[in-house]
Novice: 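Here it is, the structure in full.
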Amino acid sequence: MSYFTENSMWMIFLGIAVEAVLGAILFRTGRGSLLWAMIGAAVLVAAGVTAEKLIVTEKEEVERTLDDIAAALEDNDQQRVLTYISPADKRSRSEASWAMGRCEIRGTSVLQLSVTVNKLTSPHTAEARFRGIIQYRDRKGEIPYSSYSSIFNVSFRKEDGRWIVTGYETSQPVR
């Protein structure tokens, strides 16, 4: 069911197909009354696409949280980054504080994002897997690299209506 509320492309393609069939029938028969059916199909597609945009699923909320974390990183706002990390996750908080104190973040990229939400837990949890790239400048000038790339597996938990990071793992850095 969530596929219908996370992707409007199927509605658009279905609408184009229906409009093409109705247009072909209109062309062959010349019946002007088919214009009403074409207008009705267009209105239905527009209503469906609008509904899809207005309905925000938990998967989309997790994606938005990752976007917000990336924006906080790019703003080099350590306090804002820490608001997205659970106070119980001491390791992630400590590593984020160290890294942001040491480096100036110049850019972030999230690629190949895959989010899985587990609604069977209370509160709900989620896992995000993606390739992350962070461009940075070492404030001490001791690190010879200017970017870090890795596969990230980030765990989330929904608390007080928002998603927070409860842990993460990375694979070998991608050079």
Side-chain angles (χ1 to χ4, degrees), residues 1-12 48-175:
M1 180 65 179
S2 65
Y3 178 77
F4 296 115
T5 57
E6 291 178 0
N7 187 351
S8 61
M9 291 308 293
W10 68 271
M11 286 182 259
I12 294 169
V49 170
T50 302
E52 185 276 327
K53 296 297 180 201
L54 294 175
I55 296 170
V56 180
T57 65
E58 287 187 320
K59 180 180 175 185
E60 291 169 332
E61 288 175 352
V62 171
E63 292 170 355
R64 186 178 304 151
T65 299
L66 280 171
D67 290 341
D68 292 346
I69 292 170
L73 284 168
E74 290 177 5
D75 291 343
N76 288 286
D77 189 342
Q78 181 177 342
Q79 292 305 318
R80 199 165 95 216
V81 169
L82 293 176
T83 64
Y84 293 102
I85 304 173
S86 170
D89 185 7
K90 304 284 188 217
R91 178 183 148 248
S92 297
R93 292 178 73 82
S94 172
E95 289 178 3
S97 294
W98 175 83
M100 293 196 72
R102 174 74 189 247
C103 298
E104 173 190 351
I105 308 298
R106 294 189 166 176
T108 61
S109 298
V110 174
L111 308 167
Q112 302 162 343
L113 175 62
S114 170
V115 176
T116 305
V117 176
N118 185 352
K119 296 180 181 185
L120 300 176
T121 59
S122 181
H124 293 177
T125 58
E127 295 288 325
R129 180 177 170 81
F130 58 93
R131 178 170 177 233
I133 303 171
I134 302 171
Q135 293 85 31
Y136 63 90
R137 181 187 66 80
D138 178 25
R139 288 187 170 109
K140 294 183 178 183
E142 297 171 352
I143 300 173
Y145 305 107
S146 62
S147 69
Y148 176 80
S149 178
S150 185
I151 304 298
F152 289 83
N153 290 307
V154 182
S155 300
F156 291 88
R157 181 177 61 239
K158 193 166 191 177
E159 284 186 6
D160 299 326
R162 66 187 205 106
W163 291 93
I164 60 169
V165 174
T166 58
Y168 77 97
E169 295 177 7
T170 60
S171 67
Q172 286 289 58
V174 179
R175 295 274 180 225

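Residues: numbered from 1 along the sequence shown. All values reported here derive from a predicted model rather than from experimental measurement.
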Novice: Of Ile133, Asp67, Leu73, which is the lone residue that meets side-chain contact (heavy atoms from CB on, under 4.5 Å) with Thr108?
Specialist: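 Checked Ile133, Asp67, Leu73 against Thr108; only one passes side-chain contact (heavy atoms from CB on, under 4.5 Å): Leu73.
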Novice: Enter the distance from Ser114:OG to Lys59:NZ here, rounded to the nearest 0.5 Å.
Specialist: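 The OG atom of Ser114 sits 6.5 Å away from the NZ atom of Lys59.
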Novice: Work out which heavy atom in Leu113 is nearest to a heavy atom in Glu63; give both atom names and the distance.
Specialist: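 Scanning both residues completely, I find the closest heavy atoms to be CD2-CG, 3.6 Å.
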Novice: Going by salt bridge (Lys or Arg N to Asp or Glu O under 4.0 Å), name the residues that satisfy it together with Glu74, two or more places apart in sequence or in a different chain.
Specialist: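 Applying salt bridge (Lys or Arg N to Asp or Glu O under 4.0 Å) to Glu74 gives none.
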Novice: So, Ser150 side chain and Ser171 main chain: donor-acceptor pair closer than 3.5 Å or not?
Specialist: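 Side chain of Ser150 to backbone of Ser171: a pair is present.
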Novice: Between Tyr148 and Ile143, does the side chain to side chain contact (heavy atoms under 4.5 Å, CB included) criterion hold? Intermediate values first, please.
Specialist: CA-CA 11 Å; Tyr148 176 80; Ile143 300 173; over 6 Å; no
Novice: Val165 and Ile69: side chain to side chain contact (heavy atoms under 4.5 Å, CB included), yes or no, with the steps?
Specialist: CA-CA 10 Å; Val165 174; Ile69 292 170; 3.9 Å; yes
Novice: To check you understand the geometry: which heavy-atom pair defines the closest contact between Trp163 and Phe156, and what is its length?
Specialist: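 Looks like CE3-CB, 3.6 Å.
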Novice: How many angstroms lie between atom CD of Glu58 and atom NZ of Lys158, to the nearest 0.5 angstrom?
Specialist: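 Taking CD in Glu58 and NZ in Lys158, the distance rounds to 4.0 Å.
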Novice: Are more than 12 heavy atoms, taken from residues, nucleotides or ligands other than Arg129, located less than 6.0 Å from that residue's CZ atom?
Specialist: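 Check fails, neighbour count at 12 or below.
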Novice: Starting at CD of Gln135, measure out to OG of Ser146 and round the result to the nearest 0.5 Å.
Specialist: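 Rounded to the nearest 0.5 Å, the CD-OG separation comes to 7.5 Å.
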Novice: May I have the list of side-chain donor-acceptor pairs in residues 81-90 shorter than 3.5 Å, sequence neighbours left out?
Specialist:
residue: Thr83; atom: OG1; partner: Arg80; partner atom: O; Å: 2.5
residue: Ser86; atom: OG; partner: Ala88; partner atom: N; Å: 3.2
residue: Asp89; atom: OD1; partner: Ser92; partner atom: N; Å: 3.3
residue: Asp89; atom: OD1; partner: Ser92; partner atom: OG; Å: 3.2
residue: Asp89; atom: OD2; partner: Ser92; partner atom: OG; Å: 2.5
residue: Asp89; atom: OD2; partner: Gly167; partner atom: N; Å: 3.2
residue: Lys90; atom: NZ; partner: Pro87; partner atom: O; Å: 3.2

Novice: In terms of side-chain geometry, is the basic nitrogen of Arg64 or Glu60 positioned less than 4.0 Å from the acidic oxygen of its partner?
Specialist: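 Answer for the salt bridge query: no.
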Novice: Measuring from Glu159:CD to Ile164:CD1, what's the distance to the nearest 0.5 Å?
Specialist: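 Interatomic distance, Glu159 CD to Ile164 CD1, rounded to 0.5 Å: 3.5 Å.
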Novice: If the condition is ring pair (Phe, Tyr, Trp, His ring centres under 6.0 Å), which residues does Phe152 pass it with, not counting sequence neighbours?
Specialist: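 Per chain and number, Phe152 pairs via ring pair (Phe, Tyr, Trp, His ring centres under 6.0 Å) with Phe130.
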Novice: I need the minimum non-hydrogen distance between Arg131 and Gln112, along with the two atoms involved.
Specialist: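 Nearest pair, atom of Arg131 first, then Gln112: CB-OE1, 3.9 Å.
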Novice: Between Arg139 (side chain only) and Cys103 (backbone N and O only), is there a donor and an acceptor less than 3.5 Å apart?
Specialist: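 Such a contact is found between Arg139 side chain and Cys103 backbone.
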Novice: Kindly give the heavy-atom pair with the smallest separation between Asp77 and Met100, and that separation in Å.
Specialist: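 Scanning both residues completely, I find the closest heavy atoms to be N-CE, 3.8 Å.
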Novice: Where the side chain of Arg102 meets the backbone of Lys140, is there a donor-acceptor pair that is under 3.5 Å apart?
Specialist: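 No; zero donor-acceptor contacts below 3.5 Å.
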